[in-house]
Each structure stands twice: as C-alpha cells, then as structure tokens.
Amino acid sequence: MSETNDADFLLSARGRSQELGAWVVGLAFDRSGACGFGLGDGTLRIAPPGGADWLTAEAHDGAVLSLVADAKDGFLTGGDDGRLVRTDAAGTVAEIAALGAMKWVEHVAAHESGLRAASVGKQLHLFDAKGDKLKALTHPTSVGGIAFDAKGKRVAASHYNGASLWFVAAKEDKPRVLEWKGSHAAIAFSPDGTHVVTAMQENALHGWRLADSQHMRMSGYPSKTRFLSFTARGRWLATSGADSVVIWPFFGGGPMGKAPTELAGGDGVLCSAVACHPQHEVVAAGFADGLVLIAEIASGKVVPVAPPGRGGISALGWNASGSVLAFGTEEGFAGVVDLSRR
C-alpha cells in the first residue's frame, strides 16, 4: 500500500500492531483494558492499555483453541493440551483445571459473577470464582459452542440436533432441550435472554424464541457463519458468512418473514468476523482479505479501519466502552485501534 492510501486507514494513525507469527484463534479485552490474543502456537500475547510493550505468556503446550475475558480480570483459555488456564494481564499463567491429556478444551465462557465454563467432547464443566468445579453437564453429542445468559443464571450449549439450556444453580440438572435437526456450532443468547440463536453446518442460522419455543430459520448464506453478535439492546443480530455483513432484525416480531439488512458488501469477499459495539448500533466487520471496517446500522455508513493484505480476519472485538477495536488474522497479524474522540 502506498503512504497516501495508508493514511486513509485508522490503523496507521491510531493503531498499534504486531506480527505475532501464528494464527490468531481469538481475542478479548479484560476489565483493565488489556487485549489478549490467543494463538495457534499456544501463547497468549497481551497488549496492555496505553502504549506499553506487548507481553507473551506461555499458556498451552499446543494450540489455544478458545479464549474469552475471564470473570473478573485477565483471560480464560482452553487448549488442545486438555487444560483450562487463566492468564492475568501481567502474563502470569495459572491452571484452573486439567481435563485430560488427550482431550481438547474447545470452548470456554465466563460470566462476571465468577462462573467459568469449558467444554470437552460431550461434557460441559462449570467452575466457580475460586476455580473449584461445580458440576459437569453431559450432552448427547460433542458441544459445538457455549454461552451464558446476561445474568449468568443459565448456560446454553449447542450440539447435534439442537441446543441445551441449563440452570446453573439447579439442584437437579435437567436441561431444556431446543430441538432442530442438524449440526449446531456457534451459539448466542439475546441480551434480554428471550432468544437463543445457533450457527449451523448447513450455512444457516437457527433461532428459538424461548417464551413459546417458536423456531426462526435464517438462511441464504454462501458459507458457514462463525461469528454471531447481538447489538447492545438486542435489536439486531450481526453475522459473518456472506460477502456482506448480514444483520437480522430482532424487533417488531422479527426476524421471521423479514429480509436481513446487508452492509458493506459487494466486492465478493467473504465477511469472516463481526463484533457489535457494546453501546451503539454499530458493527465492526473483518473480511477474508484482511479488511477491517466499522458500519453504522441505521445509515449504512462505513469507515475503514485497516486495509486488506495481512491475512483473513479470524478474531475481532471491542473493549468494554467501545473506544478500542482489536483484530487478528490467520497469518498472525494483530492490531489494536483507538477510536475514541480526540
């Protein structure tokens, strides 16, 4: 890219970036504002808030498979070494659980109440704030994704032929099963806890309205959806998997019978990641060519953040206030961009 072109992108003016040398599997901001990048080489790279040097933590012997912000601060990761690990913002690593040497901790989740969840095969393991194991919940097939509701009272797990909803504090563990044939992976609760949506193997989404178990089918994707992200108030669901950012309305009885809104598409490049702003009806999107942009849902206005050319976007996320956006790529490039008003 030429210097003049580069000036059009926020990354050069307001960003910090690094070549990390391995696939960026996931990223998250912890409560201190540090951004953690989980890598395919088993390390966690941490970009502290401000301009301090990035840190490297040796989190896993193998690959990081999943990463989220931990309940209070720091980061929670699962690895193909069978371990659930907590790393603080200073890079100190502590094992929460060893769940089996030949087992993969494929999905992790955490809630600010202190709860942590990790899935290994058909089992979903729940841990408390101290790291003590609360229970293991068994599913009919391997878990494809996990999510807590906003209050941390329920945990949902997707699997073959549907999803299971569990009350975390139930005396007797009996799930509410949401059925729909096929293989279900990524899963999300709406912010108000009224809907659950999964991404399916068949290039479609499936949703359930929990009040009456009404099914919602959202199809027409050319590729698999890997990222689902609700806007802060839950009015819209943004998704990857098409050559635009596909956004479904979740108000006025939607999304049944309504066409989705499509933003920032048209050049045939697949949208590979989405992340809704934590406060405003704005969505960040990453594409398979490395382009990162932000789009306002109401107006459709698009602002580019980083140019194509550094590998497909594999991780994307905002800090808690929505002033900083981070992204990572399949080729190991990572960027953190300050979008706050100056």
Side-chain angles (χ1 to χ4, degrees), residues 10-11 14-18 20 23-39 43-57 59 64-78 85-94 107-117 129 146-148 150 152 186 188 191 226-232 238 240 273-280 282-286 292-294 305-306 313-329 332-341:
L10 290 165
L11 179 62
R14 291 174 165 247
R16 295 183 289 151
S17 60
Q18 295 239 348
L20 301 181
W23 183 301
V24 181
V25 175
L27 70 81
F29 285 88
D30 87 336
R31 291 204 169 183
S32 74
C35 185
F37 296 87
L39 302 189
T43 62
L44 191 67
R45 307 297 177 89
I46 300 167
D53 288 346
W54 295 32
L55 311 169
T56 300
V64 174
L65 298 179
S66 49
L67 174 147
V68 293
D70 196 15
K72 299 297 184 202
D73 55 19
F75 308 96
L76 195 65
T77 52
V85 166
R86 181 183 184 282
T87 305
D88 69 18
T92 307
V93 176
H107 306 285
V108 295
H111 187 267
E112 59 193 18
S113 63
L115 282 169
R116 288 91 159 237
I146 52 180
F148 285 109
R226 300 190 188 280
F227 284 75
L228 305 171
S229 182
F230 276 99
T231 54
S240 66
V274 294
C276 285
H277 191 279
Q279 294 169 9
H280 305 300
V282 167
V283 60
V292 179
L293 54 81
I294 47 179
V305 174
I313 302 300
S314 52
L316 191 65
W318 297 92
N319 70 344
S321 67
S323 61
V324 181
L325 177 69
F327 65 91
T329 78
F333 182 83
V336 182
V337 184
D338 183 352
L339 299 169
S340 58
R341 289 208 170 122

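- L11 has its side chain within reach of F327: a pair of non-hydrogen atoms, C-beta onward, lies under 4.5 Å apart.
- W54 pairs by the ring pair (Phe, Tyr, Trp, His ring centres under 6.0 Å) definition with F37, not counting sequence neighbours.
- Residue L67 forms a side chain to side chain contact (heavy atoms under 4.5 Å, CB included) with just one option from V108, L76, L44, and that option is L44.
- Taking all atoms of both residues into account, the shortest heavy-atom contact from A188 to A147 is CA-CB, 4.5 Å.
- Contact detail for F29 and C35: the closest heavy-atom pair is CE2-CB, 3.6 Å.
- Of the residues V337, V283, L325, the one that meets the side chain to side chain contact (heavy atoms under 4.5 Å, CB included) test with I294 is L325.
- Looking at heavy atoms from C-beta onward, L339 lies out of side-chain contact with S323 at the 4.5 angstrom threshold.
- Under the rule for a side chain to side chain donor-acceptor pair (under 3.5 Å), the partners of D30 that lie at least two apart in sequence or sit in another chain are S32.
- Minimum heavy-atom separation, A273 to L316: O-CD2, 3.7 Å.
- Within a 6.0 Å radius of CZ in R14, other residues, nucleotides and ligands contribute more than 12 heavy atoms.
- Panel note: side chain D70, backbone G74; no donor-acceptor pair is recorded below 3.5 Å.
- Between the side chain of T329 and the backbone N or O of F333 there is at least one donor-acceptor pair closer than 3.5 Å.
- Nearest heavy-atom pair, K72 versus E112, reported as atom, atom and distance to 0.1 Å: NZ-O, 2.7 Å.
- Contact of the I46 side chain with the F75 side chain is registered, since non-hydrogen atoms from C-beta on lie closer than 4.5 Å.
- A side-chain donor-acceptor contact under 3.5 Å links R45 to the backbone of L20.
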Please walk me through it: do L39 and W23 pass side chain to side chain contact (heavy atoms under 4.5 Å, CB included)?
CA-CA 6 Å; L39 302 189; W23 183 301; over 6 Å; no

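- Closest heavy-atom contact between A34 and A89: CB-CB, 4.0 Å.
- Listed here is the closest heavy atom pair of A69 and A28: N-CB, 3.4 Å.
- A side-chain donor-acceptor contact under 3.5 Å links R16 to the backbone of G50.
- Electrostatic pairing of R86 and D73 counts as a salt bridge here, judged by a charged N lying under 4.0 Å from a carboxylate O.
- Atom-to-atom distance recorded for T56:OG1 and Q18:CD is 8.0 Å, nearest 0.5 angstrom.
- Looking only at distances, a side-chain donor or acceptor of S314 sits under 3.5 Å from a matching main-chain atom of V24.
- A distance of 12.5 Å separates NE2 in H280 from OG1 in T231, rounded to the nearest 0.5 Å.
- H111 places a side-chain N or O within donor-acceptor distance of the main-chain N or O of G152, the cut-off being under 3.5 Å.
- Looking at W318, its side chain does come within 3.5 Å of a backbone N or O of A275 through a donor-acceptor pair.
- When atom types are taken as modelled, the side chain of S240 and the backbone of R226 share a donor-acceptor pair closer than 3.5 angstrom.
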